[in-house]
**Student:** 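I have a structure I would like to understand better, so I am pasting it below and will then ask my questions one at a time.
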There are 2 protein chains.
Amino acid sequence: MSQPDKRRKILDAAVRVFAQNGFYNSKVSQIAREAGVADGTIYLYFKSKEDILVQVFMDTMEQALRIQEDALAGLECPVERLRRFIRVHFESVSQSPALAEVITVELRQSSKFMRGTDMKPFGRYLGIIARIVSDGQARGLFSPTCQPRRVARMLFGAVDELALEWAMDDRGTALEDAWGETASIFLDGLLVRPSVARDAAPTLSPNTTTTPATPQKEDLA
Amino acid sequence: MSQPDKRRKILDAAVRVFAQNGFYNSKVSQIAREAGVADGTIYLYFKSKEDILVQVFMDTMEQALRIQEDALAGLECPVERLRRFIRVHFESVSQSPALAEVITVELRQSSKFMRGTDMKPFGRYLGIIARIVSDGQARGLFSPTCQPRRVARMLFGAVDELALEWAMDDRGTALEDAWGETASIFLDGLLVRPSVARDAAPTLSPNTTTTPATPQKEDLA
DNA sequence: GCGCGCTGAATGGCGGTTCATTCAGGAGGC
DNA sequence: GCCTCCTGAATGAACCGCCATTCAGCGCGC
């Protein structure tokens, strides 16, 4: 009646507590209280306090991977895939900010001294982006000069930073339109179109002035 | 003979130790040993262990700000300013990886429970980027639709993530060419030029195929 | 001999982990 | 149906090691 049920309750409680105090300032007994469970019970399900964190991380990452894989399943075009990825990431984050905060903040900390814990799931998450990029390059859509792996890391950093800001400070501002802006920068860049005629003075303003390549339709999930 | 000298030694030692073990797994006595100083001495210069971290953060941030302000002093063009900013950031990081690691990793952690410690310096760092962006918009160079503050955050995230990766794992790979790639993505995007004629089939290949707007000369520091 | 900068052994408490104990519910004998 | 015996999940008070912080004293320069 309780086995996996209780594990979940503890994990959820842990996420809340970690998000509020950070891993090291969280007491196991507080997690227990929050989960409605005795201190000792926790050690029936987890090896140690640190193990809780690892499992939170693993669970979340695996879920995120599944969600992305599902979301991208139908799409062909790398451009659309990239946009979708970004949107889904933000959506996942806004689903449970506390979780996002823990992953985002604690993940870094952890990966330092958790040598031993395999960060594979994270690598796979990056891999999704990297594959989109290299695929886009193969089709001649994306600039062939950039390293997919690096772009993946870059994009993840950007997206993660925005998510963190949102989760920590200004829960008020809309995270919803962050995704569009992020996508448009990564696809089109900051620069306004007429980049070829860079040093040519604005002789005649071509009709290109406002043509961000972004307005592809991208309807519902 | 030692007042500010010793403070520095302790700070430097702390950076090394924190970088290796993370803040919470670092022992004050280890910092002391590393600094060639007695445990108690540390408390002559710092209120607490946490205070050491705060000061590392403050010092570093202030230095980073100074460096960027100096580096950008002469430049007018927002495009060049942005590129310079990115390059200088990476250069700073590669100057002392340990420091970068601490700032990058611990900063997040910290800002959670260090409510009270003002994160102003970090805000100012973001502010530099934001100003470049809004300036670029004012001059019609950058897309007017994006929020400078958000772009700043995004860029910082990207750059920080790359720096972290470099500092932690693959110290081997060249951080040097990361800056160029980052700049080119943020300025030009991933997409290969002919964005206007999106759905038009490749009727005639225009000469635009390989024209990343990046090849501005950007010589030495 | 005084004070200042420094020392490092001692301390105090904090909190992760353990483990003797409890108790709900299931199986089986009558 | 009811009582008894088991089982193992759950409990939570106590334990114990760890480490940030303190402070009584030491030496050195004046």
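Note that this is a predicted model, so its numbers are computed, not measured. Quick note on labels: first sequence line is chain A, next is B, and so on, each numbered from 1.
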**Student:** Without swapping roles, check the side chain of B:Q137 against the backbone of B:C146 for a donor-acceptor pair under 3.5 Å.
**Tutor:** yes

**Student:** Could you state the CD1-P distance from A:I52 to C:dG16, rounded to the nearest angstrom?
**Tutor:** 9 Å

**Student:** Give the nucleotide from the list C:dG15, D:dA20, D:dG12 with an atom nearest to the side chain of A:K27.
**Tutor:** C:dG15

**Student:** Taking NZ, NE, NH1 and NH2 as the nitrogens, is one of them in A:R8 or A:D12 under 4.0 Å from a carboxylate oxygen of the other?
**Tutor:** yes

**Student:** Of all residues at least two apart in sequence or in a different chain, which pass the side-chain hydrogen bond (donor to acceptor under 3.5 Å, both in side chains) check with A:D70?
**Tutor:**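 Applying side-chain hydrogen bond (donor to acceptor under 3.5 Å, both in side chains) to A:D70 gives none.
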
**Student:** Would you say A:Y24 places a side-chain N or O within less than 4.0 Å of OP1 or OP2 belonging to C:dG15?
**Tutor:** no

**Student:** For the side chain of B:S48, starting at C-beta, report the closest nucleotide among D:dT11, D:dT21, C:dG8.
**Tutor:**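 Of the candidates, D:dT21 comes closest.
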
**Student:** Check residues 124-135 of chain A and write down every donor-acceptor pair under 3.5 Å in which the side-chain atom is one partner and the other belongs to a residue at least two apart or another chain.
**Tutor:**
residue	atom	partner	partner atom	Å
A:Y125	OH	A:Q68	NE2	3.3
A:Y125	OH	A:H89	ND1	2.7
A:S134	OG	A:A130	O	3.3
A:S134	OG	A:R131	O	3.3

**Student:** Just how far, in rounded Å, is P of D:dA20 from CG of B:D51?
**Tutor:**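 Going from B:D51 (CG) to D:dA20 (P), I get 14 Å.
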
**Student:** Side chain of A:V28 only, please: which of C:dG8, D:dG12, C:dT17 is the nearest?
**Tutor:** C:dT17

**Student:** Given atom CD1 of B:I31 and atom C1' of D:dT21, what is their separation to the nearest angstrom?
**Tutor:**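 Nearest whole value for this atom pair: 13 Å.
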
**Student:** State, with a plain yes or no, whether a side-chain heavy atom of B:I103 is found less than 4.5 Å away from one of B:D160.
**Tutor:** no

**Student:** Give the nucleotide from the list C:dC6, D:dA20, D:dA13 with an atom nearest to the side chain of B:Y45.
**Tutor:**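 The answer is C:dC6, which lies nearest to the side chain.
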
**Student:** Using modelled atom types only, decide if a donor and an acceptor are shared between the side chain of A:K27 and the backbone of A:A32 within a distance under 3.5 Å.
**Tutor:**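 No; judged by distance alone, with no hydrogens or angles, the pair does not exist.
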
**Student:** Below 6.0 angstrom between ring centroids: does that apply to A:F122 and A:F156?
**Tutor:** yes

**Student:** If only side-chain N and O atoms of B:K6 are considered, is one of them under 4.0 Å from the OP1 or OP2 phosphate oxygen of C:dC6?
**Tutor:**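 B:K6 to C:dC6 OP1/OP2: side-chain N or O found under 4.0 Å.
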
**Student:** Nearest whole Å is fine: how far is C:dC6 P from B:I10 CD1?
**Tutor:** 9 Å

**Student:** Which nucleotide wins on minimum distance to the side chain of B:D39, given the candidates C:dG16, C:dA9, D:dG12?
**Tutor:** C:dA9

**Student:** Just how far, in rounded Å, is P of C:dT17 from NZ of A:K49?
**Tutor:** 8 Å

**Student:** Rounded to the nearest Å, what distance is computed from the CD1 atom of residue A:I42 to the C1' atom of nucleotide C:dG15?
**Tutor:** 13 Å

**Student:** Rounded to whole Å, please give me the gap between CG in B:D5 and P in C:dG5.
**Tutor:** 14 Å

**Student:** Protein within reach of the bases, or only the backbone? For nucleotides 23-30 of chain D, mark each nucleotide 5' to 3' as B, S or -, using heavy atoms under 4.0 Å.
**Tutor:** --------

**Student:** Between atom CZ in B:R33 and atom C1' in C:dC6, what is the gap in whole Å?
**Tutor:**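 Taking atom C1' of C:dC6 as the reference, CZ of B:R33 is at 18 Å.
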
